[in-house]
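In what follows, a single structure is set out as structure tokens and then discussed.
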Amino acid sequence: MHTGQWPTTIGEALAVQEELRGRVEFADDCPELPPTVTGLDVAYDEGDGIAAAVVTLETAGLTVVEARTHRAKAVFPYEPGLFAFRELPPLLAALGRLEREPDVLVCDGHGLAHPRRFGLACHLGVLTGRPAFGVGKTRFVGTHGSPGPSRGMSVPLVDAGEEVGAVLRTQDGVKPVYVSAGHRIGLAHACRLTLALTPRYRLPETTRQADRLSRAALR
DNA sequence: GCGACAG
DNA sequence: ATCTTGTCGC
């Protein structure tokens with residue numbers, strides 16, 4: 001799957017990031033939804049123990065098709081902008097245990113809405129070759145107004161004059177989420193998928209499932 | 001120089 | 001990320 005030798009220092013990580021950034025593929029909008037969606041998340045304990053979880057759901061119905069986990073030790077410190085180097089190792093290991101190839105990866109974090117336009121979702125997409133996008137709970141970069149109050153409304157997320165994502169309301173009157181393309185998927189499609197994954201809660205069902213599973217795998 | 005800073 | 005009590009609303 002992946003013979004990972006990961007960067008140990010910030011300098012090395014920045015170099016890897018810069019190199020991989022050029023491999024991001026953009027995509028035109030796609031009208032139909034993929035048959036499945038795969039969510040990923042990582043949980044941490046009080047020390048340096050971490051657990052990654054990946055959960056594949058049937059897009060129509062949101063029922064679990066397959067789920068995998070992987071426990072490990074954190075090898076890279078949390079550094080804003082280099083987040084991927086901390087979570088990617090265990091996430092890729094868990095992904096490697098899936099029997100069914102993911103149609104699209106839904107990441108908990110940002111994609112292009114990143115200082116150097118290469119957030120976790122981009123990194124995950126490039127390394128796996130699968131379409132990927134990010135759904136973040138809080139802003140990282142960019143400015144934006146307030147999206148309308150109802151579910152489905154959104155406003156562009158702009159950073160340095162570029163539209164890097166969308167601030168999307170997934171539930172009426174609830175704090176919006178930050179959606180951004182990662183790899184081989186357009187922003188409009190990512191937003192449509194996000195809405196399909198949030199029939200009831202603020203966060204995508206994929207993220208919710210992966211979150212609970214990663215926590216459970218931690219013990 | 002002073003904040004801000006995905007999870 | 002994770003640690004936490006109470007509280008408001010359906």
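Below, chain A is the first sequence line, B the second, and so on; all start at residue 1. Atom set for the values below is all heavy atoms of this structure, side chains included, hydrogens, waters and symmetry mates excluded.
Minimum heavy-atom separation, A:L168 to A:C191: CD2-O, 3.8 Å. Contact between A:V24 and A:G182 at its shortest, heavy atoms only, is CG1-O, 3.5 Å. Here the closest heavy-atom approach between residue A:R116 and residue A:Q17 is recorded as NE-OE1, 2.6 Å.
Both key distances under 3.5 Å define a Watson-Crick or G-U pair, and DNA chain B has no stretch of 3 or more such consecutive pairs. Stem regions annotated for DNA chain C: none, counting only runs of 3 or more consecutive pairs of Watson-Crick or G-U type with both contacts under 3.5 Å.
Between the P atom of C:dA1 and the NZ atom of A:K73 lies a distance of 20 Å, rounded to the nearest Å. What separates CG of A:L120 from P of B:dG7 is a distance of 10 Å, to the nearest Å. Protein atom CZ of A:F118 is 18 Å distant from nucleotide atom P of B:dA6, rounded to whole Å. Between the P atom of B:dC5 and the OH atom of A:Y78 lies a distance of 10 Å, rounded to the nearest Å. Between A:H114 atom NE2 and B:dG7 atom P the separation is 12 Å, expressed in whole Å. Spacing between atom OH of A:Y178 and atom P of B:dG7 amounts to 10 Å, rounded to whole angstrom units. A straight line from NE2 of A:H110 to P of B:dC5 spans 11 Å, rounded to a whole angstrom. Between A:L91 atom CG and C:dA1 atom P the separation is 13 Å, expressed in whole Å.
Contacts between residues 130-148 of chain A and DNA chain B, defined by a heavy-atom separation below 4.0 Å, involve A:G136, A:K137, A:T138, A:R139, A:F140, listed by number. Residues of residues 42-55 of chain A having a heavy atom closer than 4.0 Å to DNA chain C, listed by number: A:A43, A:Y44. Within a heavy-atom distance below 4.0 Å of DNA chain B, no residue of residues 186-219 of chain A is found.
A:E87 and A:Y78 share no side-chain donor-acceptor pair at under 3.5 Å. In this structure, a donor-acceptor pair under 3.5 Å is present between the side chains of A:R151 and A:T198.
For the pair A:T207 (side chain) and A:L203 (backbone), a donor-acceptor distance under 3.5 Å is absent. Judged purely by atom type and a 3.5 angstrom limit, A:H114 uses its side chain to pair as donor or acceptor with the backbone of A:G81.
Here the straight-line distance linking atom NE2 of A:H110 with atom CZ of A:F133 works out to 12.5 Å at 0.5 Å rounding. Atoms CD1 and CG, from A:I185 and A:L105 in turn, are 9.5 Å apart once rounded to the nearest 0.5 Å.
For A:R212, the CZ atom counts as loosely surrounded, since its 6.0 Å shell holds 12 or fewer non-hydrogen atoms of other residues, nucleotides or ligands. Within a 6.0 Å sphere centred on CD of A:E12, other residues, nucleotides and ligands contribute more than 12 heavy atoms.
Note: A:W6 and A:H123 have tilted aromatic rings, judged against thresholds of 30 and 60 degrees for the angle between ring planes.
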Tabulated below should be each protein N or O lying under 3.5 Å from an N or O of nucleotides 8-10 of chain C; please produce it.
none

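For the pair A:R208 and A:E205, the salt-bridge criterion is met [side-chain N within less than 4.0 Å of a carboxylate O].
Evaluation of the salt bridge (charged side-chain N to carboxylate O under 4.0 Å, His left out) rule for A:E19 yields A:R23 as partners, not counting sequence neighbours. Scanning for salt bridge (charged side-chain N to carboxylate O under 4.0 Å, His left out) contacts around A:E162 gives A:R117, with sequence neighbours left out. Scanning for salt bridge (charged side-chain N to carboxylate O under 4.0 Å, His left out) contacts around A:R215 gives A:D211, with sequence neighbours left out.
Sorted by first and then second residue, the side chain to side chain donor-acceptor pair (under 3.5 Å) pairs with a member in residues 181-194 of chain A read A:D29-A:R192; sequence neighbours excluded. For residues 200-219 of chain A, no residue pair satisfies the ring-ring contact (aromatic ring centres under 6.0 Å, His included) rule, not counting sequence neighbours.
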For residues 31-40 of chain A, which side-chain donor-acceptor pairs fall under 3.5 Å, sequence neighbours excluded?
residue: A:T36; atom: OG1; partner: A:D103; partner atom: OD2; Å: 2.6
residue: A:T38; atom: OG1; partner: A:T56; partner atom: OG1; Å: 2.8

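Among the heavy atoms of the strands, none lies under 4.0 Å from A:L40.
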